[in-house]
Each structure stands twice: as C-alpha cells, then as structure tokens.
Amino acid sequence: MKKPAAKSKTLAKFSGSLLLVGAGKMGSAMLDGWLARGLNPRKALVIEPQPAKPLKVLTRRGLKLNPKNTNKGKAVEAAAIVIAVKPQTAPDAVPPLAAYTGKGTLVLSIMAGRTLRFLEDKLPPNTAIVRAMPNTPAAIGRGITVAVANANVTARQRKLASDLLAAIGKVEWVDDESLMDAVTALSGSGPAYIFLLAEAMTQAGVAAGLPHDLAARLARETVAGSGELLHRSTLEAAVLRQNVTSPGGTTAAALEVLMGPGGFDQLMTKAVAAATRRSRELAG
Ligand SMILES: NC(=O)c1ccc[n+]([C@@H]2O[C@H](COP(=O)([O-])OP(=O)(O)OC[C@H]3O[C@@H](n4cnc5c(N)ncnc54)[C@H](OP(=O)(O)O)[C@@H]3O)[C@@H](O)[C@H]2O)c1
C-alpha cells in the first residue's frame, strides 16, 4: 500500500500576485488548496461577483477581493492568473484580464472546452497560457487534471501550473491539445459514470431481493471503498479484480456477464467515444 502523501508547502515561496477569476466550486477548492500549500493570502487577488462568506473572511488576512487594477495609474501585472469561470462567461470575463497580463504572466484556464486558440485571441500577443481539465473530486483535493501548454510557457511556468493544479489533486500533461476531447470524455465526465455504477448496483441489489436503503448503502460503500483501495494500492485495477475472483465462484459468474459480448467494457468504450464526439462538437 502507498503511504498518504504529506501536503508540501510548494506555494510558500510564491512571489508576485496570484489572480483567481471566479471563486465558485472549482475556484474556491483551488484557493483552499493554495492556502493549505502555504500561499500567503496577501498575494491572492480574487475577482468574484458573488463572494461567499469564507472568501470575505480571507480579506482580513490580506486577500484582495474584486480589486481595482490601478497601482497609481499603472496596471498591476500578476505572476499567475487562474480562470475558473463558466465557459459561457469567458467572452466577457477574459478580455479585461489583459490589464493584469505582462511578459512574465502565466494564464491558467480550467474552463471546459475553451481552447488555447480562444484564449490567445482574447489576451495580449505572446501570453503564456495553460489549458487544463480537472474533474469534480477536485472539491475534496482528489481530482485528476490534464494540462496542455502553449508555445510561450516556460519550464518554470509549467512547474508553477503543476503546483497550482496539484492543490486539487493529481496532474498529467499532454503535448497534443486535440487529446483534450478524449480527456474530457474519460476523466472530466468520468465521475458521473462511477455515480451511475453506484445507482445501477443499487437497482440490481433491489432486483435481487434487498430492501432499497440497504442496497443503496451497500452499493455506495462498495464503490467508495473499492475506489479508496485502488487509490492506495500499487496494483493494477485488473490485478485487484482478479484477486477477488475465485474460479467458478460468485464473482466469476457476474464477471462472465459483465465482460461478455456487449458487456461493460464495450459499453464504456461506446460511452467514452460518444462523449469525445460531443466534446469536439461543442468546441466547434
Ligand atoms: N465542476 C466541475 O466538475 C468541472 C470540471 C472540469 C472543468 N470545470 C470548469 O471549471 C470552471 C468553473 O466551474 P465551477 O463548477 O466552479 O463553476 P461555478 O461554481 O459556477 O463558478 C464560477 C464562478 O465564477 C463567477 N463569475 C461569473 N462571471 C464572472 C466574471 N466576469 N468574473 C469573475 N467571476 C465570475 C460566478 O459567479 P456567479 O455565480 O455570480 O455567476 C461563479 O461564482 C468552468 O469553466 C468549468 O468548465 C468544472
């Protein structure tokens, strides 16, 4: 079993200012993670039209909420800008960020479907931009995010993007932006597939004669516990599966159905392909 990793204070030495645009579900989860990793709240600026109470409380520790970008008439250049507004808000929310964007600024966007090209068109020429796709377990620091950088991102900025994204879970990088559609279909939408699995197991338990509430509890804890076991184990999923399957036993009987023709893996392949197509359509 892997040991749980201790939170490192990777952002304790962050220099300059960090601007968060949109402190909704994802933005606040990121901000919490940054503070837990040692970010000095005095270095944080947040633009959020409807700030929640915990955000307002942070202003007492020096966080600047909805700042006016005037430093005696000179624009304040941020070291990093993290865009966490809804994709449909982007055409209004992104262009004003040019005021905070200088030569050394890293712009990190987690907006689903908003491409590097879209961001490049809305920001000053040669801006360093990273596009990232997180997923909902980010809310508890257990997400997985896939990131892709444009040609202006330096090695240092890439490391900074990794440190900022690590606040909400694990980080993977790809070089080819076109893979982001498949990423969206697998890990972006993936949590919904797992919740559906818990629902389907509940229904199956009821069909096999269990009371609904008991079936729901059994399904929930089985999905959650197995996920945690997979998380902590160094073994592949297939090995963990084989470890609970005795030849000729009950699990083997179920897996014969799930892994048979038209079974679970084929359905999942079709589902992820459908989501990938939809992601491409939405990107236009
Ligand atoms: N949730 C996920 O699982 C997930 C997964 C992958 C990617 N993402 C991406 O993460 C981004 C944020 O998602 P979310 O679930 O955190 O959304 P959310 O909870 O709606 O957060 C967005 C926040 O931005 C604020 N906002 C709106 N216009 C703004 C502006 N012009 N300037 C600054 N802030 C503004 C919104 O305020 P109002 O409420 O007042 O409009 C809201 O608080 C989205 O682009 C989404 O595609 C989310």
Side-chain angles (χ1 to χ4, degrees), residues 17-34 44-59 63-69 76 78 80-101 107-116 118-119 122-123 129-148 161 164-174 177 179-196 272 275-276 278-284:
S17 45
L18 172 52
L19 171 63
L20 172 65
V21 187
K25 289 183 281 297
M26 281 286 171
S28 331
M30 291 184 91
L31 181 62
D32 289 347
W34 299 333
L45 283 73
V46 178
I47 301 179
E48 167 55 55
Q50 293 185 60
K53 202 169 167 214
L55 192 57
K56 290 185 189 159
V57 169
L58 276 168
T59 59
L63 177 141
K64 291 173 205 68
L65 188 54
N66 297 320
K68 301 236 176 321
N69 187 20
V76 177
I81 301 175
V82 177
I83 308 176
V85 298
K86 291 270 189 223
Q88 56 273 29
T89 316
D92 294 328
V94 178
L97 303 179
Y100 293 92
T101 310
V107 175
L108 168 61
S109 160
I110 62 158
M111 292 183 292
R114 289 298 188 187
T115 60
L116 288 171
F118 169 89
L119 294 158
K122 301 266 177 293
L123 291 164
I129 305 172
V130 169
R131 170 187 171 193
M133 181 69 203
N135 63 4
T136 39
I140 54 162
R142 286 281 300 277
I144 177 112
T145 301
V146 180
V148 59
L164 293 171
L165 291 169
I168 49 168
K170 295 205 183 315
V171 185
E172 297 277 345
W173 286 87
V174 292
E177 190 180 4
L179 294 179
M180 292 304 263
D181 295 309
V183 163
T184 303
L186 183 58
S187 54
S189 303
Y193 315 156
I194 304 302
F195 301 138
L196 177 64
V272 170
T276 307
R278 186 67 185 134
S279 175
R280 272 191 212 120
E281 282 164 16
L282 289 173

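When a ligand or atom number is given, it counts from 1 through the structure's own listing order. For this chain, numbers begin at 1 and follow the sequence in order.
With hydrogens and angles disregarded, no donor-acceptor distance shorter than 3.5 Å links the side chain of Ser279 to the backbone of Ala275. For the pair Asn135 (side chain) and Ser189 (backbone), a donor-acceptor distance under 3.5 Å is absent.
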I'd like the atom pairs linking ligand 1 to the protein - N or O on both sides, separation under 3.5 Å - with distances to 0.1 Å.
| residue | atom | partner | partner atom | Å |
| --- | --- | --- | --- | --- |
| ligand 1 | 16 (O) | Lys25 | N | 3.1 |
| ligand 1 | 16 (O) | Met26 | N | 2.7 |
| ligand 1 | 17 (O) | Lys86 | NZ | 3.3 |
| ligand 1 | 19 (O) | Lys25 | N | 2.9 |
| ligand 1 | 19 (O) | Lys25 | NZ | 3.4 |
| ligand 1 | 37 (O) | Glu48 | OE2 | 3.2 |
| ligand 1 | 40 (O) | Gln50 | NE2 | 2.7 |
| ligand 1 | 43 (O) | Glu48 | OE1 | 2.7 |
| ligand 1 | 43 (O) | Glu48 | OE2 | 3.1 |
| ligand 1 | 45 (O) | Val85 | O | 2.5 |
| ligand 1 | 47 (O) | Ala112 | N | 2.9 |

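Qualifying side-chain contact (heavy atoms from CB on, under 4.5 Å) partners for Leu65, counting only residues two or more places apart in sequence or in other chains: Val46, Pro51, Leu55, Lys56, Thr59, Leu63. Evaluation of the side-chain hydrogen bond (donor to acceptor under 3.5 Å, both in side chains) rule for Glu177 yields Arg131 as partners, not counting sequence neighbours.
With a 4.5 Å cut-off on side-chain heavy atoms, Val130 and Trp173 count as touching.
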Residues 24-32 side chain polar contacts: donor-acceptor under 3.5 Å, at least two apart:
| residue | atom | partner | partner atom | Å |
| --- | --- | --- | --- | --- |
| Ser28 | OG | Ala23 | O | 3.2 |
| Ser28 | OG | Gly24 | O | 2.3 |

